[in-house]
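Structure first, then comments.
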Amino acid sequence: MNPALGRYNRGLPLSPPGHGQTATNMSDLLSSLNPEQRAAVTLPPQHALILAGAGSGKTRVLTTRIAWLVSTGQTAPHGILAVTFTNKAAREMRARLSAMLPADLGNPARGMWIGTFHGLCNRLLRAHHREAGLPATFQILDSADQISAIKRLLKNLGVDEERFPPRELAGFVNAHKEQGIRAGEAEAYDDYTRRRAELYAEYDAQCQREGVADFAELLLRAHELLCRNEPLRRHYQERFRHILVDEFQDTNRLQYQWLKLLAGRGGGQFPEHGACIFAVGDDDQSIYAFRGAEIGNLRNFEREFEVANVIRLEQNYRSHGNILDAANALIRNNRGRLGKNLWTEAGAGEPIRVFEGFSDDDEARFVVDEARELIRAGVSRRQLALLYRSNAQSRILEYHLLKAGMPYRVYGGLRFFDRQEVRHALAYLRLIANPDDDTAFLRVVNFPARGIGGRSIEALQEAAHRVHSSLYNAAAGLSGRAAAVVGNFVRLIETLRRETAGLPLPEVIGQLIEKSGLRAHYLAEKEGGDRLENLDELINAATSFSSDEGMAPNDPGADPLASFLAHASLEAGEHQAGESEDAVQLMTVHAAKGLEFDAVFITGLEQGLFPHENSAADKQGLEEERRLMYVAMTRARERLYLSHAQTRLLHGQTRYSLPSLFLEELPGELLRPVGGRAARAAEAPFASQDPAGQECAERAGGLRIGQNVRHARFGLGVIVAAEGQGGDTRVQVNFGAQGMKWLALEYAKLTAA
DNA sequence: GACTAGCGTCTGTGG
DNA sequence: GACGCTAGTC
């Protein structure tokens with residue numbers, strides 16, 4: 001028994017209810033783990049870092065650790081804080097825990113805090129909104145809301161959007177908040193940045209006035225709350241004995257500070273109250289640097305918390321050997337890894353199949369054909385994943401799946417809560433909850449159209465500016481036509497609020513859809529059918545939300561309306577129908593993290609797409625893309641397909657690209673080209689669509705559009721266009737990283753490659 | 001003030 | 001190829 005244990009046992013029953021029963025379960029659970037996993041689960045209550053490779057049983061270790069801590073009486077459920085990055089991961093953890101622990105201990109509603117950083121901070125801020133300086137009904141701005149709030153701000157201040165693009169400004173604000181930096185503390189060495197910092201301050205002031213908080217604000221505000229409020233900080237530091245963090249490599253600086261503070265390491269305050277942090281992560285799977293994640297936090301954590309226990313989980317239970325070997329070979333090209341090599345007891349398995357299509361259409365056809373074969377061979381549809389780098393790529397795959405009559409399900413993309421009609425309905429709901437929410441106000445003040453045009457809005461904004469109030473409150477101070485039409489709208493909201501007070505949430509939404517005129521509007525619209533269905537689906541979502549007490553992010557007794565709105569902002573995806581249906585799974589590589597499938601297709605493996613051109617420029621960006629590829633490959637259990645296309649429709653234009661450099665980084669002996677590329681290329685030479693290319697092919701000795709060529713200085717490239725005749729023939733060649741060049745055939749010595 | 005056509009922008013990933 | 005924004009018309 002660890003001597004430190006006594007300290008953590010304070011005030012807890014030594015033998016919690018159900019102890020005997022779970023102890024049996026516990027030993028079963030423990031004996032089903034491998035030695036490293038078991039060591040991790042049963043570590044003494046000290047800070048620990050578990051470097052868990054893909055498919056090494058990370059979630060299992062995390063949840064078993066919690067079950068072990070609770071069922072051995074080292075802490076009450078109350079003392080557990082578990083943080084994840086996605087709602088999906090949080091849900092899975094809850095589900096596994098309730099299966100492992102008896103109902104009275106395993107029910108997360110009984111005091112365990114399990115959730116995403118954003119969800120937990122939201123919960124904290126709701127519970128202590130006064131101390132945090134927020135209204136009880138504060139609303140959460142998602143990224144789209146944030147952009148429109150910034151646009152409105154710039155307009156009000158008369159700032160030129162060209163000089164300060166709203167998206168860029170949003171990025172500036174978020175990046176600073178993620179570093180824990182307020183506008184006043186932002187470093188600015190030039191006028192431009194100084195101005196941006198001023199706008200950051202103005203934006204925050206606007207949010208404060210309107211009672212709204214963006215995503216990053218949730219974290220920053222929660223951090224500041226705990227920093228400033230000593231009794232509160234003490235309360236939570238004493239409460240949470242064990243903080244478990246999933247995907248630690250994805251934490252940004254602010255999240256790390258937040259953890260440090262809760263664990264009693266915030267600048268050395270109250271170390272005696274400190275919780276133990278059990279961090280699980282994999283530096284090779286860090287794919288969120290773009291939103292501020294710092295892999296360095298893994299190392300910082302190890303150093304700053306003097307972590308004595310670092311355990312590596314390297315045995316992979318998921319993939320066959322070839323897949324793992326290929327993934328290992330790929331990731332070895334990254335520098336500065338913490339070091340880890342996955343191995344498996346499963347056999348080598350199938351080779352990795354590589355397909356080169358003439359076009360994205362060709363590629364999609366191959367993928368769907370192959371998927372059909374696999375299904376025929378007995379693979380279930382839901383065990384087939386079609387992965388891509390960006391959401392835009394799903395379209396062509398969907399087209400071919402549809403044509404083949406194969407059920408499929410797309411994750412991500414346009415999310416349910418992002419749909420126009422749903423956002424409109426939610427805006428009404430937000431106004432009922434918080435009339436000061438100007439973003440919501442402007443969204444629906446004239447939707448459906450009710451005669452409130454630009455002039456009235458301008459008058460209203462002036463009035464609001466004069467008396468420093470929200471648009472809603474300023475309505476009373478208007479005169480003339482504006483007063484009449486805006487007054488009608490305000491009365492509509494008032495009526496809604498009055499008549500729906502105390503009603504169950506689904507009924508509130510049902511009424512607002514009717515009385516706002518939304519339903520009538522979409523009924524009259526030619527293609528409003530889908531939108532009406534989505535509005536009904538929103539009512540369903542509210543129904544299942546209300547009945548799902550355990551999932552409510554807030555403490556019991558909290559305003560259900562506010563909780564639902566928070567839920568809609570924080571859990572924008574996931575709420576899609578057909579989850580149970582046996583369908584082929586389509587998603588981005590990012591969305592696939594943490595999942596596994598019997599067969600995986602990684603599509604669009606082309607320079608500029610994967611790795612993406614926005615990242616390929618600098619080395620860090622490229623390494624993140626490589627980790628992304630690593631994540632994608634390690635999703636596969638038995639079969640892995642890699643495909644790319646010579647041409648692809650992008651922005652409505654045909655684009656020619658080279659195969660991804662990641663394909664070259666895989667050991668050739670593990671790969672098998674399929675689809676008879678060589679044979680097909682011989683019988684159907686490329687360059688069919690472009691007559692100029694065809695001519696060029698005839699005249700230029702076999703060179704044609706789509707042809708891979710080599711240039712003495714620029715290296716390998718692909719011909720994308722041709723013009724001119726005879727000795728004047730010029731071709732445009734895409735040399736990947738070297739850029740796009742126009743070359744005269746006569747002088748540039750291009751050789752077929 | 002409502003509605004429409006045409007234009008430009010951009011799809012890089014998520015809470 | 002989709003959406004948002006603007007200018008022009010009713």
Side-chain angles (χ1 to χ4, degrees), chain A residues 83-90 115-122 140-148 151 155 161-162 165-167 171 174 177-178 213-219 247 250-252 254-255 286-293 360 387-396 399 411-415 417-420 445-458 481-482 485 521 525 553 566-574 587-594 604 608-616 621 624-625 627-629 631-632 648-654:
Chain A
V83 198
T84 64
F85 274 83
T86 63
N87 292 300
K88 206 175 357 180
T116 62
F117 275 104
H118 292 88
L120 294 170
C121 287
N122 174 52
I140 301 168
L141 294 188
D142 63 26
S143 19
D145 294 329
Q146 189 186 28
I147 302 271
S148 58
K151 280 187 182 165
K155 211 167 197 174
E161 281 197 15
E162 304 270 297
R167 286 180 73 94
N174 294 339
K177 288 189 178 179
E178 280 159 4
D214 58 51
F215 282 136
E217 182 71 23
L218 291 177
L219 300 183
E247 311 278 19
D250 288 338
T251 51
N252 62 35
L254 179 57
Q255 288 160 338
S286 161
I287 55 175
Y288 286 109
F290 76 90
R291 63 174 199 215
D360 48 353
L387 307 185
Y388 34 81
R389 177 70 226 294
S390 61
N391 276 310
Q393 288 167 253
S394 74
R395 165 185 304 276
I396 185 88
Y399 171 75
Y411 291 76
L414 183 57
R415 284 174 292 245
F417 286 111
D418 281 344
R419 288 170 201 279
Q420 183 207 98
V445 65
N446 197 35
F447 193 97
R450 44 175 76 91
I452 305 177
R455 299 285 288 268
S456 301
I457 299 293
E458 250 169 57
R481 181 197 159 87
V485 287
H521 174 87
E525 204 171 65
H567 166 82
S569 304
L570 292 172
E571 195 150 354
E574 301 309 304
M587 65 192 88
T588 64
V589 179
H590 281 92
K593 187 173 174 189
L609 193 59
F610 197 1
H612 196 274
E613 53 204 348
N614 296 1
S615 303
E624 176 145 315
E625 295 286 315
R627 290 193 293 271
L628 202 47
M629 179 68 180
V631 168
R648 184 174 296 278
L649 227 58
L650 213 71
H651 298 121
Q653 281 185 330
T654 306

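Just so you know, these numbers use all the heavy atoms, side chains as well, and skip hydrogens, waters and symmetry mates. Given the structure is predicted, the values throughout are model-derived calculations rather than measurements. Letters A, B, ... mirror the listed sequences (proteins, then strands); counts begin at 1.
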Any A:Asn391 side-chain nitrogen or oxygen under 4.0 Å from OP1 or OP2 of B:dT13: yes

Classify A:Ser456 by what it touches in the nucleic acid, base, sugar-phosphate, or nothing, heavy-atom distance under 4.0 Å. sugar-phosphate

Tell me: CD1 of A:Ile147 to P of B:dG15, nearest whole Å? 17 Å

Considering only side-chain heavy atoms of A:His590, which listed nucleotide, B:dG15, B:dC3, B:dT13, is closest? B:dT13

Selected nucleotide, minimal atom distance to A:Tyr288 side chain, candidates B:dC3, B:dG14, B:dG15: B:dG14

Taking the ring centre of each residue, are A:Phe290 and A:His590 less than 6.0 Å apart? yes

Distances under 3.5 Å between protein N/O atoms and the N/O atoms of nucleotides 4-6 of chain C, please, pair by pair.
unit_1 : atom_1 : unit_2   : atom_2 : d
C:dC5  : OP1    : A:Lys151 : NZ     : 3.0

What is the distance from atom NE2 of A:His118 to atom CG of A:Leu219, rounded to the nearest 0.5 Å? 4.0 Å

What contact category does A:Ala449 fall into here, base, sugar-phosphate, or nothing, at under 4.0 angstrom with non-hydrogen atoms? sugar-phosphate

The nucleotide from C:dG1, B:dG15, B:dT13 with an atom nearest the side chain of A:Arg395 is C:dG1

A:Gln146 side chain to A:Ser143 side chain, donor-acceptor N/O pair below 3.5 angstrom: no

Just compare B:dG1, B:dT13, B:dG15 and give me whichever is closest to any side-chain atom of A:Thr116. B:dG15

Atom-to-atom span, CZ of A:Phe215 to C1' of B:dG14 - whole angstrom: 8 Å

Does A:Arg481 have a side-chain nitrogen or oxygen under 4.0 Å from the phosphate oxygens OP1 or OP2 of B:dG1? yes

What I want to find out is whether A:Arg395 reaches A:Asp360 closely enough, with some N-O distance under 4.0 Å, to be called a salt bridge. no

Selected nucleotide, minimal atom distance to A:Ser390 side chain, candidates B:dT13, B:dG15, B:dC3: B:dT13

Would you state whether a donor and an acceptor, one from the side chain of A:Arg389 and one from the base of B:dT13, lie under 3.5 Å apart? yes

Describe the nucleic acid contact of A:Asp142 in one word from base, sugar-phosphate, nothing, applying a heavy-atom distance below 4.0 Å. nothing

Residues passing the ring pair (Phe, Tyr, Trp, His ring centres under 6.0 Å) test with A:Phe85, sequence neighbours excluded, are A:Phe117

How many Å lie between CG on A:Leu609 and C1' on B:dT13, as a whole number? 12 Å

Which part of the nucleic acid does A:Glu613 contact within heavy-atom distance under 4.0 Å: base, sugar-phosphate only, or nothing? nothing

Out of B:dT13, B:dC3, B:dG15, minimum distance to the side chain of A:Leu570 belongs to B:dG15

Expressed as a whole number of angstroms, how long is the span from A:Asn252:CG to B:dG14:P? 16 Å

With a 4.0 Å cutoff (strictly under), does any side-chain N or O of A:Arg167 reach OP1 or OP2 of B:dT11? yes

Ignoring hydrogens and angles, are the base of B:dG15 and the side chain of A:Thr86 linked by a donor-acceptor pair under 3.5 Å? no

Check every atom of B:dT13, B:dG12, B:dG15 against the side chain of A:His118 and return the nucleotide holding the closest atom. B:dG15

Phosphate-side-chain proximity, A:Asn122 and B:dG15, N/O vs OP1/OP2 below 4.0 Å: no

